Amino acid sequence: MESPLTVLPPIEDRLALDRATVSLRCLPFRRAFFEELKNHAISSEELCRRQDWANLVFAPFGPERAEAHFNWLIRLGVLRREVDGQGLTERVRVTPLGRQVLERWPGEIPRAGLRERIQENFRRHRPRF
């Protein structure tokens, strides 16, 4: 019988997990934000209107910026749009990949350093650069 330690996920899965891990460290969302998304979906408008936003994000931003962050996390596979009876909604939820990334940290998501944030910014906004 093969040991569970010797079975590795496909390289594509590990690369996606590593890429998502770096991105989460570079974005302004706290762990509490992702924990909340495990329980129920939230839209960018709802996030920005909340009184407890400081518990969910490191710095305030508007709905457009939140939506841009959501779209990036959707492209990475960390978030997905919630579906209702009429199709996709503005609200997002955490995916299984997002849950795997969060399992890497027992507490708050560690913040990335300046170098990592610059590299991530280029990867996100200038992917061919």
Side-chain angles (χ1 to χ4, degrees):
M1 181 167 169
E2 202 170 295
S3 165
L5 296 177
T6 60
V7 178
L8 294 174
I11 189 74
E12 298 83 19
D13 293 346
R14 284 183 283 161
L15 291 175
L17 192 60
D18 291 344
R19 193 169 36 247
T21 298
V22 171
S23 288
L24 256 62
R25 293 185 62 225
C26 294
L27 290 172
F29 299 112
R30 294 181 181 273
R31 183 180 191 91
F33 168 75
F34 294 102
E35 294 298 331
E36 179 129 349
L37 289 181
K38 287 180 181 180
N39 300 320
H40 70 278
I42 189 170
S43 72
S44 55
E45 292 281 338
E46 291 172 53
L47 174 63
C48 294
R49 283 195 313 257
R50 289 182 61 140
Q51 297 296 318
D52 66 342
W53 64 265
N55 296 330
L56 304 176
V57 298
F58 288 105
F61 46 80
E64 297 83 19
R65 189 72 186 140
E67 193 63 32
H69 291 319
F70 288 0
N71 288 334
W72 178 243
L73 289 169
I74 289 167
R75 286 185 62 198
L76 291 172
V78 174
L79 298 181
R80 65 174 172 80
R81 293 282 176 192
E82 187 175 54
V83 179
D84 65 8
Q86 298 175 340
L88 294 178
T89 68
E90 294 177 344
R91 300 163 67 94
V92 293
R93 284 189 166 276
V94 175
T95 64
L97 175 67
R99 291 173 192 266
Q100 282 183 309
V101 173
L102 291 170
E103 287 174 1
R104 290 186 164 193
W105 304 294
E108 184 62 69
I109 299 169
R111 301 292 289 155
L114 180 61
R115 180 177 169 202
E116 277 184 308
R117 287 191 309 232
I118 290 170
Q119 288 174 333
E120 176 67 10
N121 193 23
F122 275 113
R123 185 175 316 133
R124 180 175 173 182
H125 299 289
R126 304 273 188 221
R128 295 183 187 166
F129 185 58

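A quick note: this is a predicted structure, and the numbers were derived from the prediction, not measured.
Remark: the backbone N or O of Thr95 is not paired with any side-chain donor or acceptor of Arg80 at under 3.5 angstrom. For the pair Arg30 (side chain) and Val57 (backbone), a donor-acceptor distance under 3.5 Å is present. Glu108 places a side-chain N or O within donor-acceptor distance of the main-chain N or O of Arg31, the cut-off being under 3.5 Å. For Ser44 (side chain) and Ala66 (main-chain N/O), no donor-acceptor pair under 3.5 Å exists by modelled atom type. Looking only at distances, a side-chain donor or acceptor of Arg91 sits under 3.5 Å from a matching main-chain atom of Ala41.
With a 4.5 Å cut-off on side-chain heavy atoms, Pro60 and Trp53 count as touching. A 4.5 Å side-chain heavy-atom check between Leu114 and Arg117 finds at least one atom pair inside the cut-off. Residues Val83 and Thr89 are not in side-chain contact: their nearest non-hydrogen atoms beyond the backbone lie 4.5 Å or more apart. Residues His69 and Arg124 meet the side-chain proximity criterion, which asks for heavy atoms closer than 4.5 Å. Using a 4.5 Å heavy-atom cutoff, the side chains of Leu24 and Phe34 are in contact. Under the 4.5 Å side-chain criterion, counting only non-hydrogen atoms from C-beta, Arg104 is in contact with Thr21. Contact of the Arg111 side chain with the Phe58 side chain is registered, since non-hydrogen atoms from C-beta on lie closer than 4.5 Å. Between Phe70 and Leu79, the closest side-chain pair of non-hydrogen atoms falls below 4.5 Å.
In terms of hydrophobic clustering, with Ile, Leu, Val, Met, Phe, Trp and Tyr side chains grouped at heavy-atom distances under 4.5 Å, Leu97 and Val92 are assigned to a common cluster. Hydrophobic clustering (side-chain heavy atoms under 4.5 Å, transitive across Ile, Leu, Val, Met, Phe, Trp, Tyr) groups Ile74 together with Val101.
Separating the CG atom in Leu102 from the CD1 atom in Ile109 is a distance of 5.5 Å, to the nearest 0.5 Å. To the nearest 0.5 Å, atoms CZ (Phe29) and OG (Ser23) are separated by 11.5 Å. Between atom CD of residue Glu46 and atom CD1 of residue Ile42 there is a gap of 5.5 Å, rounded to the nearest 0.5 Å. Atom CG in Leu37 sits 4.0 Å away from atom CZ in Phe33 (nearest 0.5 Å). The CZ atom of Arg14 sits 13.0 Å away from atom CZ of Arg19, with the distance rounded to the nearest 0.5 Å. Here the CG-CG distance, from Asp52 to Leu47, works out to 9.0 Å after rounding to the nearest 0.5 Å.
Taking the charged nitrogens against the carboxylate oxygens, Glu36 and Arg50 do have a contact shorter than 4.0 Å, which makes a salt bridge.
Side-chain contact check for Glu120 and Trp72: at least one donor-acceptor pair (N or O, by modelled atom type) lies under 3.5 Å. Between Arg81 and Asn71, the side chains place a donor N or O and an acceptor N or O closer than 3.5 Å (distance only, hydrogens not considered). If you check the side chains of Ser43 and Glu90, you find no donor sitting under 3.5 Å from an acceptor.
Shortest non-hydrogen contact noted between Ala20 and Val78 is CB-CG2, 3.6 Å. Taking both residues in full, the closest heavy atoms of Lys38 and Arg93 are given as O-NH1, 3.7 Å, listed atom of the first, atom of the second, then distance.
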